[in-house]
Amino acid sequence: MSKKKCSSLGRKYWMAASGLFLIIFLAQHFTINFLSVVSADAFNEASHFMGTNPFVQFILQPILMAGVVFHFVMGFVLEIQNRSARPIKYNVSSGTANATWMSKNMIISGITILLFLLLHFIDFWFPEMHTKYVLGDMSGLNEAGEYRYYEELVEEFSNPLRVGVYILAFIFLSLHLLHGFQSAFQSFGLRHPKYTPFIKAFGNFFAIVIPAGFAVIAIYHYVAH
């Protein structure tokens, strides 16, 4: 195997590994956010724990940020690599004719998700970092002496335009996951007649239910408040 091919396979392995890592985070993030639909108190408690726990803040959070940056950078690198190889590849194979829209446009859904993440950071993460580490307020309390996390979430989703943008982003997230989930396992060579159907079914389930769940959270808070 050539050095160039080994390098290409290595990038795909790391891309798959970072993708699976982010999928685990996505499930955890959804679980905490869904608490806001079930119980405001439970959501406040979970948010305060995640926002003040030193292990989460100074170990897991930097790892997560690095994982996000790495995944997107590697995605762009692989896209450039694939595009440079296409003129030759198309001459010898027409297999891409059967590729899905998701598989052929991962870069589009990826860029959309990246832009959404920037918006999400502006809405929640940047203000939170400013409150905690610039103003030095680690209490998580509002002026009334109550946890502010639920209140801030409801305020963000009071704007119908903002809710619409979030829903659009969740649609692209679903499209990205529909291909990315299965692709990650294939990159590791985990293909077997006995297990592949389950991986595909679970991947489709995850790719639809989790983004739909996030959309339900946004719609719920807009309608209920």
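Predicted model, so just to flag it, every value in this text is computed and none were measured.
Under the 4.5 Å side-chain criterion, counting only non-hydrogen atoms from C-beta, Lys12 is in contact with Leu78. A 4.5 Å side-chain heavy-atom check between Leu64 and Val68 finds at least one atom pair inside the cut-off. The shortest distance between side-chain heavy atoms of Phe34 and Val38 falls below 4.5 Å. Considering only heavy atoms from C-beta on, Arg11 comes within 4.5 Å of Met74 through its side chain. Using a 4.5 Å heavy-atom cutoff, the side chains of Phe185 and Thr196 are not in contact. Side-chain atoms of Phe214 and Ile167, non-hydrogen and from C-beta on, never get closer than 4.5 Å to each other. Here the side chains of Ile217 and Phe30 are in contact, with some heavy-atom distance below 4.5 Å.
Between Phe181 and Phe202, the ring centre distance stays below 6.0 Å.
Under the 4.5 Å side-chain contact rule for hydrophobic residues, Phe121 and Leu60 do not share a cluster. Met65 and Leu119 are not part of a single hydrophobic cluster, where members link through side-chain heavy atoms under 4.5 Å apart. Note: the hydrophobic cluster containing Phe116 does not contain Leu161 (ILVMFWY, side chain heavy atoms under 4.5 Å, direct or indirect links). Put simply, Leu22 and Met106 are part of two different groups of oily side chains (I, L, V, M, F, W, Y) that touch within less than 4.5 Å, one to the next. By the rule that hydrophobic residues join a cluster once side-chain heavy atoms approach within less than 4.5 Å of another member, Leu26 and Leu168 end up as members of one cluster.
The environment of Phe205 atom CZ is sparse: at most 12 non-hydrogen atoms of other residues, nucleotides or ligands sit within 6.0 angstrom.
A side-chain donor from one of Thr100 and Ser103 sits under 3.5 Å from a side-chain acceptor of the other.
Judged purely by atom type and a 3.5 angstrom limit, Ser174 has no side-chain atom pairing as donor or acceptor with the backbone of Phe170. Counting only distance, with no hydrogens or angles, the side chain of Asn142 and the backbone of Gly145 share a donor-acceptor pair below 3.5 Å. Judged by distance alone, the side chain of Asn33 and the main-chain N or O of His29 form a donor-acceptor pair under 3.5 Å.
Atom-to-atom distance recorded for Phe206:CZ and Ile199:CD1 is 14.5 Å, nearest 0.5 angstrom. Here the CD1 atom belonging to Ile210 is positioned 9.5 Å from the CG atom belonging to Leu173, to the nearest 0.5 angstrom. The distance from the CD1 atom of Ile208 to the CG atom of Leu178 is 5.5 Å, given to the nearest 0.5 Å. Atom CD1 of Ile108 and atom CE of Met102 lie 13.0 Å apart (nearest 0.5 Å). A distance of 11.0 Å separates CG in Leu117 from OG1 in Thr112, rounded to the nearest 0.5 Å. Taking CZ of Phe72 as the start and CD1 of Ile111 as the end, the distance is 9.5 Å to the nearest 0.5 Å.
Ion pairing between Glu128 and Arg148 holds under the 4.0 Å rule for side-chain N and carboxylate O.
Considering only residues two or more places apart in sequence or on other chains, Gln57 meets the side-chain hydrogen bond (donor to acceptor under 3.5 Å, both in side chains) condition with Lys132, Tyr133. For Ala42, the side-chain contact (heavy atoms from CB on, under 4.5 Å) criterion is met by Leu35, Ser39, not counting sequence neighbours. Residues passing the side-chain contact (heavy atoms from CB on, under 4.5 Å) test with Ser158: none are found, sequence neighbours excluded. Evaluation of the side-chain hydrogen bond (donor to acceptor under 3.5 Å, both in side chains) rule for Tyr166 yields His120, Asp123 as partners, not counting sequence neighbours.
For the side-chain contact (heavy atoms from CB on, under 4.5 Å) test with Ile122, the passing option among Phe124, Trp125, Phe126 is Phe126; the others fail.
Ring planes of Phe70 and Trp14: perpendicular class, angle over 60° (limits at 30 and 60°).
Contact detail for Gly51 and Met138: the closest heavy-atom pair is O-CE, 4.5 Å. The two residues Gln28 and Ile32 come nearest to each other via the heavy atoms NE2-CD1, 2.9 Å. Taking all atoms of both residues into account, the shortest heavy-atom contact from His71 to Ser18 is ND1-OG, 2.9 Å.
Pairs engaging residues 215-225 under the side chain to side chain donor-acceptor pair (under 3.5 Å) rule: Ser36-His221, Tyr150-His225 [sequence neighbours left out]. Residue pairs meeting the side chain to side chain donor-acceptor pair (under 3.5 Å) criterion with at least one member in residues 178-189, sequence neighbours excluded: Gln182-Asn204.
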